[in-house]
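These notes concern the structure reproduced below.
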Amino acid sequence: MLKQCVKKKSLPQRGQPPSTSTVEFFRIPASPAAPTAPWNTRLRELSKLSRFPEALALYRQMLRSGASPNTFTFPFALKSCGSLSLPASGAQLHGHVLKAGCEAEPFVLTSLISMYSQCSLIDDARKVFDHCPQSRHLTVCYNALLSGYTSNSRFSDALSLFCRMREMGVLVNAVTMLGLIPVCSLPVHLGVGMCLHCCSVKLGLGCESSVGNCLLTMYVKCGSVEDARVLFDSISCKGLITWNAMISGYAQHGLASHVLDLYREMKSCGIRPDSVTLVGVLSSCSHLGAYHIGCQVERQIELSGFNSNPFLNNALINMYARCGKLAKARAVFDAMVEKTVVSWTAIIGGYGMHGQGELAVELFEEMLQAGIRPDGAAFVSVLSACSHAGLTDEGLKYFYAMEKKYLLQPGPEHYSCMVDLLGRAGQLQKALDLIHTMRVRPDGAVWGALLGACKIHKNVEFAELAFERVIELEPANIGYYVLLSNTYNEANNMDGILRVRVMMRERKLKKEPGCSYIEHGGKVHLFLAGDRGHPQTIEIYRMLNELEDWLKEIYNLDKNYLERRDDERLSGMGVHSEKLAIVFALLNTKHGTEIVVIKNLRVCEDCHLFMKLVSKAVDRQFVIRDATRFHHFEGGVCSCKDYW
DNA sequence: CTAGGGTTAG
């Protein structure tokens with residue numbers, strides 16, 4: 001019944017005018033004198049507001065009304081087709097352009113070129129360009145085609161067009177460079193990117209702030225953060241976007257403490273951060289576990305009225321989750337009006353990393369119910385949640401559904417989750433079989449996951465096999481040598497341990513230094529083992545010695561602890577970073593406040609003992625958090641529900 | 001034609 005109604009309404013009889021009242025209402029008398037200008041004005045407005053579907057509807061209405069589109073109509077209609085990626089409508093519009101005879105108008109010409117580029121029909125864009133002799137002399141046409149090549153990742157075409165442009169003596173402006181520079185956003189293209197940098201300077205465009213910002217981002221995307229920083233320092237008039245580009249650049253490369261330093265510097269220069277700045281800062285807080293700075297940022301978000309920005313809310317969910325505040329993460333998530341797949345991924349990942357696999361799975365199902373299509377990242381978060389919580393069957397179910405139901409090709413990151421899942425469940429052979437069925441080449445993480453499982457289950461045979469593979473792919477990754485060595489240790493295989501040591505020495509690999517840090521006064525204070533760089537170094541070491549002497553007396557510290565302590569000092573390794581951070585906190589925080597120390601690697605037993613005794617002796621609460629694994633050690637006991 | 005942004009294991 002419903003079907004019939006719909007059919008009757010939407011399909012008017014052939015040859016008869018549509019009978020809906022809206023069309024009649026807007027109808028303009030069909031005569032050659034029907035004015036075009038009012039339509040154009042409205043069309044331009046809608047296009048400027050990015051209301052493209054409405055703009056196209058208006059264009060159709062305009063045609064029906066009998067008004068004829070002109071030079072000032074087509075650009076906005078074409079832009080709408082391009083933005084919505086509607087190649088068929090775009091081609092139809094092209095027909096209208098030809099009929100109206102305004103293909104040679106520069107504004108129309110560039111709009112046609114960019115429409116085809118946005119619809120991924122870059123060759124059609126080129127045809128338009130070649131077909132019109134006008135375009136050979138117009139900077140805007142080259143610019144349109146250049147940015148078309150860039151957005152369709154046609155590296156060499158973009159460059160040869162640029163060369164041709166220069167040969168023809170066409171004026172190169174800032175927009176040309178902005179269209180061209182982003183083709184060099186892969187490390188392999190860094191050399192060309194540097195040439196473009198020189199080129200910009202030679203052409204007198206080096207002082208254009210937009211070009212500078214664009215180059216800065218190019219260096220970041222090429223993985224050359226140092227070069228980006230050099231450029232950043234050389235820019236004399238840094239605008240908000242310049243600061244944001246550098247801050248996001250550091251954030252994307254995980255240089256979280258650099259982000260926080262730069263953020264402070266930016267504020268002290270009197271630049272007001274906007275939502276883009278805060279996204280970068282929040283993501284760095286997540287990486288560091290810098291909860292208090294994260295909270296400050298949230299207040300700033302409220303003050304600035306950015307509460308409903310989805311990028312910021314997603315970053316907030318992640319920050320709270322990684323700082324162990326799941327309830328807060330959930331509150332932000334629940335308050336979001338428009339939850340994207342990224343929001344769901346963040347909250348699912350949050351529950352997953354804290355061992356709450358059942359909740360993560362429930363949320364994933366809720367997401368599906370809400371009609372959100374999961375992407376590759378969403379599957380990574382649910383699969384890893386399953387593996388941490390021991391939900392082997394659920395994990396397998398999702399892995400198969402991913403390919404069969406959602407038609408997503410699993411990448412190496414999904415396989416490494418699955419190997420982890422099977423491996424933790426003790427099914428090492430199945431995990432190995434799965435690796436052999438992979439259609440993509442397994443990466444280090446896949447073999448690494450198998451190696452990790454071998455350590456849990458003390459399986460030397462499989463561990464040696466996995467190690468051999470993983471080391472081909474990542475020969476300098478110390479973590480894998482340590483894992484193999486630990487596996488031998490669990491199996492009481494001393495020969496194995498020695499072999500790993502020899503291997504590490506031959507390859508000149510040293511265990512990476514641990515570091516610990518503490519948030520204090522809106523700053524992150526970082527300590528390496530034996531660090532002497534902190535301004536309070538002298539006080540810290542003096543107090544540490546006093547403390548240890550005192551602990552020795554009142555608690556009878558065991559001999560081994562003291563021997564190891566002297567060892568660490570004499571061998572040049574230096575005092576463990578946890579101790580430095582703990583003493584720093586004692587010196588600088590009020591009695592009664594909890595001290596949160598964050599560690600990048602596992603906390604050693606002696607430091608645990610030290611913390612426990614200090615906690616008792618001076619009556620202070622400590623939490624040591626492992627920032628890489630989200631283990632929560634409270635009072636020396638691992639409170640994490642995960643069964644790592 | 002036009003510079004900066006969120007989620008993902010080990």
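Chain naming here is simple, since letters A, B, ... match the order of the sequence lines and numbering starts at 1 in each. In this text, all values refer to a predicted model and were calculated from it rather than measured experimentally.
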Which donor-acceptor pairs under 3.5 Å do the side chains of residues 441-448 of chain A make with protein atoms, sequence neighbours left out?
{"unit_1": "A:D443", "atom_1": "OD1", "unit_2": "A:A445", "atom_2": "N", "d": "3.3"}
{"unit_1": "A:D443", "atom_1": "OD1", "unit_2": "A:V446", "atom_2": "N", "d": "3.2"}

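When heavy atoms are screened at a 4.0 angstrom cut-off, A:N313 is found touching no nucleic acid atom at all. Contacts of A:N173 with the nucleic acid, taken as non-hydrogen atoms under 4.0 Å apart, are absent. Within the 4.0 angstrom heavy-atom criterion, base atoms lie near A:I241. Heavy atoms of A:A449 sit nowhere under 4.0 angstrom from any nucleic acid atom. In this structure, A:S275 reaches the bases: a heavy-atom distance under 4.0 Å links it to at least one base atom across the strands shown. Note on A:S248: only backbone sugar-phosphate atoms sit closer than 4.0 angstrom, heavy atoms only; bases stay farther off. Using a 4.0 Å heavy-atom criterion, one finds that A:T217 contacts the sugar-phosphate atoms exclusively. As judged by a 4.0 angstrom heavy-atom cut-off over every strand, A:E208 is placed among residues making no nucleic acid contact.
Regarding A:N314, its CG atom lies at a distance of 7 Å from the C1' atom of B:dT7, rounded to whole Å. Here the C1' atom of nucleotide B:dA3 and the CH2 atom of A:W243 are 17 Å apart, to the nearest Å. When rounded to the nearest whole Å, the span between CG of A:L408 and P of B:dT7 equals 20 Å. Distance CG (A:N477) to P (B:dG10): 14 Å, rounded to an integer number of Å. In this structure, A:W344 atom CH2 and B:dT7 atom P are separated by 18 Å, rounded to whole Å. A straight line from OH of A:Y351 to P of B:dT7 spans 19 Å, rounded to a whole angstrom. Following rounding to the nearest Å, A:N307 (CG) and B:dG6 (P) show an atom-to-atom distance of 20 Å. At whole-Å resolution of the value, CE in A:M353 and P in B:dG10 are 10 Å apart.
Under the 6.0 Å cut-off for aromatic ring centres, A:Y149 and A:F155 do not qualify, their centroids lying 6.0 Å or more apart.
Between A:D123 and A:R154, at least one side-chain nitrogen of the basic residue sits less than 4.0 Å from a carboxylate oxygen of the acidic one, meeting the salt-bridge criterion. Ion pair A:R126/A:D130 flagged as a salt bridge, since at least one NZ, NE, NH1 or NH2 atom sits closer than 4.0 Å to an Asp/Glu carboxylate oxygen. With respect to A:K397 and A:E394, no salt bridge is recorded, no charged nitrogen being found less than 4.0 Å from a carboxylate O.
Here B:dC1 is the nucleotide among B:dC1, B:dA3, B:dA9 with the atom lying nearest to any side-chain atom of A:V140. Comparing atom distances between the A:S384 side chain and each of B:dG6, B:dT7, B:dA9 picks out B:dA9 as nearest. Which of B:dC1, B:dG6, B:dA3 sits closest to the side chain of A:V279 comes down to B:dG6. With B:dT8, B:dG6, B:dA3 as the candidates, the nucleotide lying closest to the side chain of A:T340 is B:dG6. Checking B:dT7, B:dG6, B:dA3 against every side-chain atom of A:Q252, the shortest atom distance belongs to B:dG6.
Of the residues in residues 372-380 of chain A, those placing a heavy atom less than 4.0 Å from an atom of DNA chain B are A:A377, A:V380, in numerical order.
Within the 4.0 Å cut-off from OP1 or OP2 of B:dA9, not a single side-chain nitrogen or oxygen of A:R424 is found. The side chain of A:H388 contributes an N or O atom lying less than 4.0 Å from OP1 or OP2 of B:dG10. Using a 4.0 Å cut-off, some side-chain N or O of A:R322 falls inside it from OP1 or OP2 of B:dT8. Side-chain nitrogen and oxygen atoms of A:N318 include none within less than 4.0 Å of the OP1 or OP2 phosphate oxygen of B:dG6.
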(request) Report the C-alpha separation of A:H131 and A:E103 in whole Å, then their side-chain angles, then the decisive distance to 0.1 Å, and conclude whether the side chain to side chain contact (heavy atoms under 4.5 Å, CB included) test is met. (result) CA-CA 10 Å; A:H131 205 257; A:E103 202 192 17; 4.2 Å; yes
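In terms of polar N and O atoms assigned as donor or acceptor, the side chain of A:S343 never comes within less than 3.5 Å of the base of B:dG6 in a complementary pairing.
Proximity of a side-chain donor or acceptor of A:D420 to a complementary backbone N or O of A:S384 within less than 3.5 Å is not detected. Here the side chain of A:S135 pairs a donor or acceptor atom with the backbone of A:F129 at under 3.5 angstrom.
Residue pairs meeting the side-chain hydrogen bond (donor to acceptor under 3.5 Å, both in side chains) criterion with at least one member in residues 230-241 of chain A, sequence neighbours excluded, are A:R229-A:D233.
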